[in-house]
Amino acid sequence: KIAASLSGKGWTVGPVIDLDRSPFYDLSMLRVLSWVYHLLEDGRLDSFMVEPPCTTFSPAQHPASRRYDCPRGYDPTDPKTLLGTTLALRSLSLIKKGSEMKCPGLLEQPRRTKMRRLSEWQYLLNALLAEEIWTAGCMFGSPHNKEFVFLICNMEAEFLHRKCDRSHQHVRIGGQFAKLSAVYTDELASCIGLAFEIGRAHV
């Protein structure tokens, strides 16, 4: 929806780099990361967004792969845990590179993700290379009380922060609604698109 929102604003939107779309769009492969690095270093990207898989970092996963105080996992070499960690670190490295290249970037996760406890995530915050903003999806028209956290660089997106005002009922997240709750509403997608527009105008 973000791509569609920006496209509607006249942006030229690149391909969505997702393994489900092509076996060549696998961010766990170094050649894909190297390609995106090249695009950033060569000034070919005006902005970017990354959404690493959150399953193994989710507090809802059972049995859990990680603890908040052990974000790399009980068994860091377990294939699922290792893949989740690899994709998280690749995504964080893109935020770092985007910060260095003065390119607006955004990484999205559920607010309660254990990914936020990774030392690399904390390093980006402590080094002032990125900042966190969280928001409640229900304040953008979602029926679910789903909170997102955005790790951003080179963006002024404080207006995205909205706390649930408790003026409405929520549809419980679970079962058939689990995946639907993670989908952006048109309003939230439009606001994220606006954040990219503002970010690009100030770099």
Side-chain angles (χ1 to χ4, degrees), residues 1-57 71-73 76-110 113-116 118-125 127-133 148-157 182-184 189 192-203:
K1 284 193 173 183
I2 308 298
S5 175
L6 289 172
S7 180
K9 297 175 185 294
W11 284 48
T12 299
V13 180
V16 176
I17 301 175
D18 189 324
L19 184 58
D20 288 340
R21 293 173 179 257
S22 169
F24 297 102
Y25 288 166
D26 183 354
L27 192 58
S28 68
M29 297 192 300
L30 281 174
R31 65 181 183 183
V32 175
L33 181 67
S34 178
W35 172 53
V36 181
Y37 265 31
H38 165 70
L39 295 177
L40 287 167
E41 292 170 345
D42 210 36
R44 294 175 181 266
L45 290 181
D46 287 329
S47 62
F48 67 94
M49 179 173 179
V50 286
E51 301 175 77
C54 60
T55 302
T56 65
F57 288 95
R72 269 184 159 71
T77 62
D78 170 75
K80 289 185 178 179
T81 303
L82 180 59
L83 178 60
T85 301
T86 298
L87 293 172
L89 296 180
R90 298 280 163 83
S91 299
L92 290 167
S93 74
L94 288 175
I95 293 295
K96 183 175 185 294
K97 176 60 73 172
S99 180
E100 295 169 349
M101 296 295 106
K102 307 302 181 185
C103 180
L106 181 152
L107 186 159
E108 179 263 304
Q109 281 284 286
T113 180
K114 297 169 188 175
M115 196 180 296
R116 297 173 69 186
L118 288 172
S119 59
E120 290 81 3
W121 183 301
Q122 292 302 312
Y123 164 76
L124 291 173
L125 295 176
L128 303 181
L129 296 174
E131 61 179 303
E132 279 186 351
I133 293 174
F148 300 95
V149 63
F150 305 118
L151 184 67
I152 63 174
C153 64
N154 303 309
M155 296 174 69
E156 297 177 7
V183 176
Y184 299 139
I192 293 175
L194 177 60
F196 278 119
E197 283 196 296
I198 295 173
R200 193 60 215 168
H202 285 81
V203 296

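The chain is numbered in sequence order, starting from 1. Keep in mind it's a predicted model, so treat the numbers as computed, not measured.
Inter-residue side-chain proximity for Phe48 and Leu106 is flagged as unmet; no heavy-atom pair is nearer than 4.5 Å. A heavy-atom distance below 4.5 Å is not found between the side chains of Phe196 and Asp46. Using a 4.5 Å heavy-atom cutoff, the side chains of Leu124 and Ser99 are not in contact. Side-chain contact between Leu107 and Val50: present, with at least one pair of heavy atoms (C-beta onward) separated by less than 4.5 Å. Side chains of Glu100 and Glu41 form no contact here, defined as non-hydrogen atoms less than 4.5 Å apart. Side-chain contact check for Leu151 versus Leu92: some heavy-atom pair is nearer than 4.5 Å.
Here the closest heavy-atom approach between residue Ala88 and residue Leu118 is recorded as CB-CD1, 4.1 Å. Between Cys54 and Gln109, the closest heavy-atom pair is CB-OE1, 3.4 Å. Nearest approach of Ile95 to Ala130, heavy atoms of both residues: CG2-CB, 3.9 Å. When all heavy atoms of Cys153 and Gly98 are compared, the closest pair comes out as SG-C, 3.9 Å. In plain terms, the two heavy atoms of Arg72 and Thr85 that are nearest each other are O-OG1, 4.0 Å. Pro104 approaches Met155 most closely through the heavy-atom pair CB-CG, 3.6 Å.
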Requested in this report: I would like to know whether Arg90 and Leu30 meet side chain to side chain contact (heavy atoms under 4.5 Å, CB included); could you show each step before the answer?
Outcome: CA-CA 9 Å; Arg90 298 280 163 83; Leu30 281 174; 3.5 Å; yes
Query raised in the report: Would Ser5 and Ile192 count as a side chain to side chain contact (heavy atoms under 4.5 Å, CB included) if you check the C-alpha gap in whole Å, the side-chain angles of each, and the deciding distance to 0.1 Å?
Result: CA-CA 9 Å; Ser5 175; Ile192 293 175; over 6 Å; no
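Once rounded to the nearest 0.5 Å, the distance linking CG of Asp26 with CG of Leu33 reads 11.0 Å. Rounded to the nearest 0.5 angstrom, Glu156 CD and Ile133 CD1 are separated by 10.0 Å. Taken to the nearest 0.5 Å, the CZ atom of Arg31 stands 15.5 Å off from the NE2 atom of His38. Here Phe150 contributes atom CZ and Met49 contributes atom CE; the two are 6.0 Å apart, rounded to the nearest 0.5 Å. In this structure, the separation between CG on Leu125 and CD on Glu120 is 12.0 Å, given to the nearest 0.5 Å. For the atom pair CD (Glu51) and OG (Ser91), the distance works out to 9.5 Å, reported to the nearest 0.5 Å.
Among residues two or more places apart in sequence or in another chain, the salt bridge (charged side-chain N to carboxylate O under 4.0 Å, His left out) test is passed with Glu132 by Arg116.
Asp42 places no side-chain N or O within donor-acceptor distance of the main-chain N or O of Arg44, the cut-off being under 3.5 Å.
The side chain to side chain contact (heavy atoms under 4.5 Å, CB included) with Leu87 is formed by just one residue from the set Leu27, Thr56, Leu19; it is Leu27.
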Let me check something: any side-chain donor-acceptor pairs from residues 7-17 under 3.5 Å, sequence neighbours excluded? List them with distances.
none

